[in-house]
Amino acid sequence: MDSNNSQRPRKRISKETARKRQLAALFAIAFLVLIFIILIAKGCSKDKSKGSSKSSDTKPKTTTVATTAPLDQPITTVPPSTEPPTAPVNTSGFKLDRYSVYLNVGQSEMPLVKEYPAGSSEADEKWSSDNENIATVDWQGNITAVAPGTCYITLKSAVDETQEVQIKVTVADSSTNTATTEPTTTAAQDQSVY
């Protein structure tokens with residue numbers, strides 16, 4: 001047998017069938033390229049969101065604009081705000097029974113720690129006040145109201161300084177806010193008037 005004659009003869013196709021096959025191959029390639037582009041775009045958008053979360057952790061930049069007043073106008077200045085920042089969301093392992101405390105001047109209260117971060121215990125508690133003129137806190141977490149205003153008490157872990165939680169403390173002036181003070185009982189108050 002001759003080796004040239006042992007091959008199977010090629011089947012001939014029409015030009016129309018060849019064009020259809022070429023179009024099908026072109027569409028398949030275009031579809032694969034489209035999927036590849038979509039995957040790259042999704043990957044890039046994830047990288048951008050990771051980069052933006054890192055930049056959002058930094059403190060915001062403040063810009064100061066200086067203006068001059070005309071000579072015949074008095075210059076007025078706006079005092080800085082004394083309001084404390086809003087309370088952050090608790091993302092630590094600490095779980096408390098409350099995250100805000102309302103007191104009158106002279107009152108004390110102690111929030112209870114229900115859960116500690118991994119590796120921490122009651123012995124690792126570090127309590128501090130951001131404004132001891134409004135409220136103080138002792139080493140056990142007992143908060144004492146000093147003067148009217150708002151401040152934040154911070155509980156940190158001595159083992160892991162990144163584990164912290166804040167408690168918003170609002171102190172009312174007991175002389176002006178009688179609704180939250182405890183009533184005192186005297187003989188005159190016990191008598192009923194008809």
Side-chain angles (χ1 to χ4, degrees), residues 48-71 73-186 188-189:
K48 285 182 182 177
S49 66
K50 287 180 185 177
S52 66
S53 68
K54 289 180 184 176
S55 64
S56 67
D57 291 341
T58 61
K59 293 183 179 179
K61 296 179 182 177
T62 57
T63 322
T64 305
V65 177
T67 59
T68 57
L71 295 175
Q73 298 272 335
I75 298 175
T76 58
T77 58
V78 179
S81 174
T82 57
E83 281 293 311
T86 58
V89 177
N90 180 18
T91 58
S92 71
F94 284 109
K95 302 291 184 241
L96 305 175
D97 67 337
R98 71 195 90 161
Y99 295 94
S100 59
V101 176
Y102 300 95
L103 300 170
N104 287 322
V105 175
Q107 286 183 325
S108 294
E109 193 162 328
M110 183 184 304
L112 299 175
V113 181
K114 292 182 171 183
E115 188 177 320
Y116 291 93
S120 294
S121 67
E122 185 176 351
D124 302 319
E125 292 179 2
K126 287 175 61 177
W127 294 88
S128 63
S129 172
D130 73 342
N131 190 342
E132 292 192 352
N133 294 328
I134 295 175
T136 60
V137 62
D138 64 11
W139 64 276
Q140 294 175 322
N142 189 27
I143 301 169
T144 304
V146 176
T150 303
C151 70
Y152 290 92
I153 302 295
T154 304
L155 168 60
K156 283 187 178 184
S157 169
V159 175
D160 182 4
E161 292 277 331
T162 62
Q163 295 292 324
E164 70 175 37
V165 63
Q166 289 188 331
I167 303 164
K168 182 178 181 180
V169 178
T170 305
V171 180
D173 188 1
S174 60
S175 64
T176 59
N177 188 0
T178 59
T180 59
T181 59
E182 296 179 6
T184 57
T185 306
T186 62
Q189 288 177 336

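Heavy atoms only: backbone and side chains are in, while hydrogens, waters and symmetry mates are out.
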Response to the item:
Between the CG atom in Asn104 and the OG1 atom in Thr170, the distance rounded to the nearest 0.5 Å is 11.5 Å
Response to the item:
Between Tyr152 and Asp130, the two heavy atoms sitting closest are N-OD1, 2.9 Å
Discussion item. Please check this pair: side chain of Glu115 against backbone of Lys95, looking for a donor-acceptor N/O pair closer than 3.5 Å.
Written reply: no
Worksheet item: For the residue pair Val169 and Ala135, what are the closest heavy atoms and their distance?
Response: CG1-CB, 4.0 Å
Practice prompt. Measure the shortest side-chain to side-chain distance between Ile143 and Pro111 over non-hydrogen atoms and say whether it is less than 4.5 angstrom.
Written response: yes
Worksheet item: Looking only at heavy atoms, which two atoms of Asn142 and Ser108 are closest? And how far apart?
Response: OD1-CB, 3.8 Å
Item to complete: For a side chain to side chain contact (heavy atoms under 4.5 Å, CB included) with Ser129, tell me which candidate from Ile153, Ile167, Thr154 qualifies.
Response: Ile153
Item to complete: Answer whether the closest heavy-atom distance between the side chains of Val146 and Ile134 falls below 4.5 Å.
Response: no
Worksheet item: Looking at side-chain heavy atoms only, is the closest gap between Tyr116 and Glu125 below 4.5 Å?
Response: yes
Practice prompt. Calculate, to the nearest 0.5 Å, the distance between atoms OG and CZ belonging to Ser120 and Phe94 respectively.
Written response: 5.5 Å
Worksheet entry | Spacing of NZ belonging to Lys156 relative to CD belonging to Glu164, to within rounding of 0.5 Å | 5.0 Å
Worksheet item: Any donor and acceptor pair, going by atom type alone, linking the side chain of Asp173 with main-chain N or O of Pro148 inside 3.5 Å?
Response: no
Worksheet item: Taking side chain as C-beta onward, heavy atoms only, is Leu96 less than 4.5 Å from Leu155?
Response: yes
Worksheet entry | Greater than 12 external heavy atoms within 6.0 Å of Glu161's CD | yes
Item to complete: Rounded to the nearest 0.5 Å, what's the gap from OG1 on Thr150 to OH on Tyr102? Could you check?
Response: 8.5 Å
Item to complete: Check Leu103 against Val101 and note the closest heavy-atom contact, atom names and distance.
Response: CG-CG1, 3.6 Å
Item to complete: Over all heavy atoms of both residues, which pair between Met110 and Gly141 is shortest? Give the atoms and the distance, please.
Response: CG-O, 3.6 Å
